[in-house]
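Written out below as structure tokens is the structure these notes cover.
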2 protein chains.
Amino acid sequence: MDKQTITIYDVAREASVSMATVSRVVNGNANVKPATRKKVLDVIEKLDYRPNAVARGLASKKTTTVGVIVPDVTNMYFASLARGIDDVATMYKYNIILTNSDSNSEKEIKVLNTLLSKQVDGIVFMGNEITEKLREEFKRTKTPIVLAGSVDDEGDNPSVNIDYVAAVQEEVKNLIDRGNKRVAFVCGPLDQAINGKYRLKGYKQALKSAGIAYDDKLVFETDDTYKTGTLLQPALMAVNATAAMVTDDELAAGIMNGMSDADVKVPEQFEIITSNDTKLTEMVRPKMSSITQPLYDIGAVSMRLLTKLMNNEPVDEKNVLLPYGLMKRESTK
Amino acid sequence: MDKQTITIYDVAREASVSMATVSRVVNGNANVKPATRKKVLDVIEKLDYRPNAVARGLASKKTTTVGVIVPDVTNMYFASLARGIDDVATMYKYNIILTNSDSNSEKEIKVLNTLLSKQVDGIVFMGNEITEKLREEFKRTKTPIVLAGSVDDEGDNPSVNIDYVAAVQEEVKNLIDRGNKRVAFVCGPLDQAINGKYRLKGYKQALKSAGIAYDDKLVFETDDTYKTGTLLQPALMAVNATAAMVTDDELAAGIMNGMSDADVKVPEQFEIITSNDTKLTEMVRPKMSSITQPLYDIGAVSMRLLTKLMNNEPVDEKNVLLPYGLMKRESTK
DNA sequence: CGGCAATTTGAAAACGTTTTCAATTAAATC
DNA sequence: GATTTAATTGAAAACGTTTTCAAATTGCCG
């Protein structure tokens, strides 16, 4: 009645060899005579034997599974990273356990611990606000953890990112050069280092080199959602902004639609630049100009880095910066 | 040097009880004297003991992990389902191994087997073209499998969907009632049952009850991508269509933008209705009218159904149909 | 054909839990 | 206080692999 599983032992008996030998052929170990290998392979075929990965994991202390912690798969930015991660994971014979944290620190800690209890061989973490508590949990484990599209200068985890400050600085400079005296900076939570420490810094630097005074009325800290974006038009107008550097595509789409709905012409009366270059930028009208990030690659490279860490291979650069670009579309002049 | 793990045995020794007792308190078994429980709990705390889920899985034959097979997480439709799945999985203390199949039958089979070898307790499958080969693999295992947002009338797997034929029929009827004589049906691959057997059926039924002859020049079989959508305008005009029922939101967005770019006014000159009600429908201008599907809920209900199956609880309805709706936005008159 | 090295094999001990079943202890009854 | 019954405990056998180490076999050379 019960799913009668056939074990390595059954194969061994049927092929009249030892379990060890079966294990060897299953794992492609070279030290087995061709004739024996064939005999075993035939029995495996005949019995339709499939190794039990759990038992394997217990005996070998490797699960060929990695954990992926993501704020929300429903967000295109993270979905793209996740896809990159899964693809190279598959390439290296790993599977991923995917968990959504909602950027909630407690959830992150909880899920991190359940991943560790499941003995994942490594973890890819996404999410930018890394609390002291979480950092401690990171340090507690010997399981390698890499940050993907996420920064944390207090900790010392390997990471894969782009140079956020340079990218933002460059784009804001362009905006200023085009005559915008008052450029708004619309971002997600500032306590996330990626916004508060990096992007904001780029924004300030651009201002500074243009000799424009920093005005904190021009920075809008939001929750990164489309909805919030649609509501921002009045506030943006109230501070006489004529352009905005936005840190999230959905947020930017919201702002742009809010502008259009209020009959503010983009880009004629208001320019918008966004940051993540998800496919949304192309779907919206006008199409949004964006900093381009190799999203898929950030995920892919993170996972590749993780494989090295898991195999104790040397890594040349712990904190890799992938190249970014600037894609001009229709939301800028 | 090595991550010196502390085992249940260490706890047992330190608390001077047996492993069995420690196991009991860890698993919340009631048969243990309060005083003993406290003593053990204290030692667990002190030693920072964390149960090894792999060993647990081997001994108990339960991994509290379920597999999720999805064509592509990067697609909002599936991302939403996946999110619903993960949330209720978490609620029931499961984790999900997420794998992308690219709707590739070979990959699906391969990944299904690796999931099974990892001893997942159940599987949620998404993807509509279920080949005979895949169906056989489904039948081979006793591990419960539920189809989420995916149909297969040849097999007998539990599933969660909406009534696609009724939904499409209703929307196409509305289109016709509004005066459209030539309504196009733009869909993904027709060999996917959801398109070829269900939605197309609804389309035909609507035509029939309106006394309009079916014209296969009006059905456009595509690959479901935004890009393809943008290219469809000439073909649609060529057959004198004045409206389209589209089976995918990204595809619909592409068509709409293609129309706009060719100066065909939506909805005045061309009406568009889409099928998945992802948040994209709201982000695009004009906003797209859509069949509304409770995406998150389809995922959530699938997972809930799976938990019942995994616990051998009785299920009242194997093939659940969730309610759909019709959301009028700006792409229809 | 004997001796030695290299190649193949197998026995058995991990791996860290859960679970069964019997033994022990505590509680209840008269 | 002696029995009976119920509640707690522990010993040890799974669970299905990998891995170590020694034994057996094979091949090679002179």
Side-chain angles (χ1 to χ4, degrees), chain A residues 2-41 43-44 47-65 93 114 116-121 143, chain B residues 2-41 43-44 47-65 93 114 116-121 143:
Chain A
D2 242 1
K3 172 167 42 178
Q4 56 150 50
T5 51
I6 45 174
T7 72
I8 201 174
Y9 182 74
D10 299 319
V11 177
R13 184 166 26 73
E14 192 78 7
S16 34
V17 297
S18 71
M19 287 166 37
T21 300
V22 178
S23 175
R24 287 190 190 96
V25 347
V26 168
N27 292 294
N29 186 315
N31 297 329
V32 37
K33 194 156 55 168
T36 321
R37 179 189 308 282
K38 169 143 181 28
K39 186 172 59 176
V40 172
L41 249 19
V43 174
I44 287 180
L47 261 41
D48 190 26
Y49 164 71
R50 300 138 172 252
N52 177 323
V54 173
R56 228 203 265 240
L58 182 59
S60 68
K61 297 177 166 257
K62 299 222 167 299
T63 53
T64 61
T65 303
K93 313 269 187 222
T114 94
L116 292 175
S117 81
K118 294 211 170 174
Q119 315 298 118
V120 293
D121 297 336
T143 305
Chain B
D2 242 3
K3 172 167 39 179
Q4 56 149 49
T5 52
I6 45 172
T7 72
I8 201 173
Y9 182 74
D10 300 318
V11 176
R13 183 165 28 72
E14 192 79 8
S16 34
V17 297
S18 71
M19 287 165 38
T21 300
V22 178
S23 175
R24 287 190 189 98
V25 348
V26 168
N27 292 295
N29 186 315
N31 297 329
V32 38
K33 197 156 53 166
T36 319
R37 178 189 309 280
K38 170 144 182 26
K39 186 171 57 175
V40 172
L41 250 18
V43 174
I44 287 180
L47 261 41
D48 191 26
Y49 163 71
R50 299 138 174 251
N52 177 324
V54 174
R56 229 202 264 240
L58 182 58
S60 68
K61 294 174 168 262
K62 299 220 167 301
T63 54
T64 62
T65 302
K93 313 269 185 220
T114 97
L116 292 175
S117 82
K118 293 212 170 175
Q119 315 297 120
V120 294
D121 297 336
T143 305

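To find a chain, count down the sequence lines: A is the first, B the second, and so on, and within it residues start at 1. Every heavy atom of this structure was used, including side-chain atoms; hydrogens, water molecules and symmetry mates were not.
Heavy atoms of B:V17 sit under 4.0 angstrom from primed sugar atoms or phosphate atoms, though from no base atom. Nucleic acid contact for A:V54: none, since no nucleic acid atom lies under 4.0 Å from a heavy atom of the residue.
The NZ atom of B:K93 sits 14.0 Å away from the OG1 atom of B:T65 when rounded to the nearest 0.5 Å.
In this structure, B:N29 places its CG atom 11 Å from P of D:dT9, rounding to the nearest Å. Here the P atom of nucleotide D:dT17 and the CG atom of B:N52 are 17 Å apart, to the nearest Å. Here D:dT9 presents its P atom at 8 Å from NZ of B:K39, a figure rounded to the nearest Å. Atom CZ in B:R50 sits roughly 17 Å away from atom C1' in C:dT17 (whole-Å rounding). Between A:K118 atom NZ and C:dT17 atom P the separation is 15 Å, expressed in whole Å. Atom NZ of B:K38 and atom C1' of D:dT8 are 19 Å apart (whole Å). For the pair A:Q119 CD and D:dT17 P, the computed distance is 19 Å after rounding to whole Å. Atom P of nucleotide D:dA11 and atom CZ of B:R24 are separated by 12 Å, given to the nearest angstrom.
Phosphate proximity of C:dT17 to B:Y49: present, with a side-chain N or O under 4.0 Å from OP1 or OP2. An OP1 or OP2 oxygen of C:dG16 is reached within less than 4.0 angstrom by a side-chain nitrogen or oxygen of B:T5. A close approach under 4.0 Å does not occur between any side-chain nitrogen or oxygen of A:T7 and OP1 or OP2 of D:dC15.
Taking each heavy atom of A:V120 and A:T143 in turn, the nearest pair found is O-CG2, 3.7 Å.
A:K118 and A:T63 are not linked by any side-chain donor-acceptor pair at a separation below 3.5 angstrom, with hydrogens and angles left out of the test. In this structure, a donor-acceptor pair under 3.5 Å is present between the side chains of B:R56 and B:N27.
Which of C:dG10, D:dT26, D:dA11 sits closest to the side chain of B:S18 comes down to D:dA11. Comparing atom distances between the B:K33 side chain and each of C:dT17, C:dT8, D:dT8 picks out D:dT8 as nearest. For A:S60, whose side chain is taken as the heavy atoms from C-beta onward, the closest listed nucleotide among C:dT18, D:dT18, D:dT26 is D:dT18. Closest to the B:K61 side chain, of the nucleotides D:dC15, C:dT19, D:dT9, is D:dC15. Checking D:dG16, C:dG10, D:dG10 against the side-chain heavy atoms of A:T21 singles out C:dG10 as nearest. Side-chain atoms of A:I8 lie closest to D:dT18 of the nucleotides D:dT18, C:dT9, C:dT17.
Mapping B:N31 and B:L58 onto DNA chain D by nearest heavy atom places B:N31 closer to the 5' end of the strand. Sequence order on DNA chain D of the closest nucleotides to B:R37 and A:S23 puts B:R37 first from the 5' end.
Between the side chain of B:D121 and the backbone N or O of B:K62 there is no donor-acceptor pair closer than 3.5 Å.
Here the rule is side-chain contact (heavy atoms from CB on, under 4.5 Å) with A:V43, and of A:V17, A:V11, A:V22 only A:V11 fits it.
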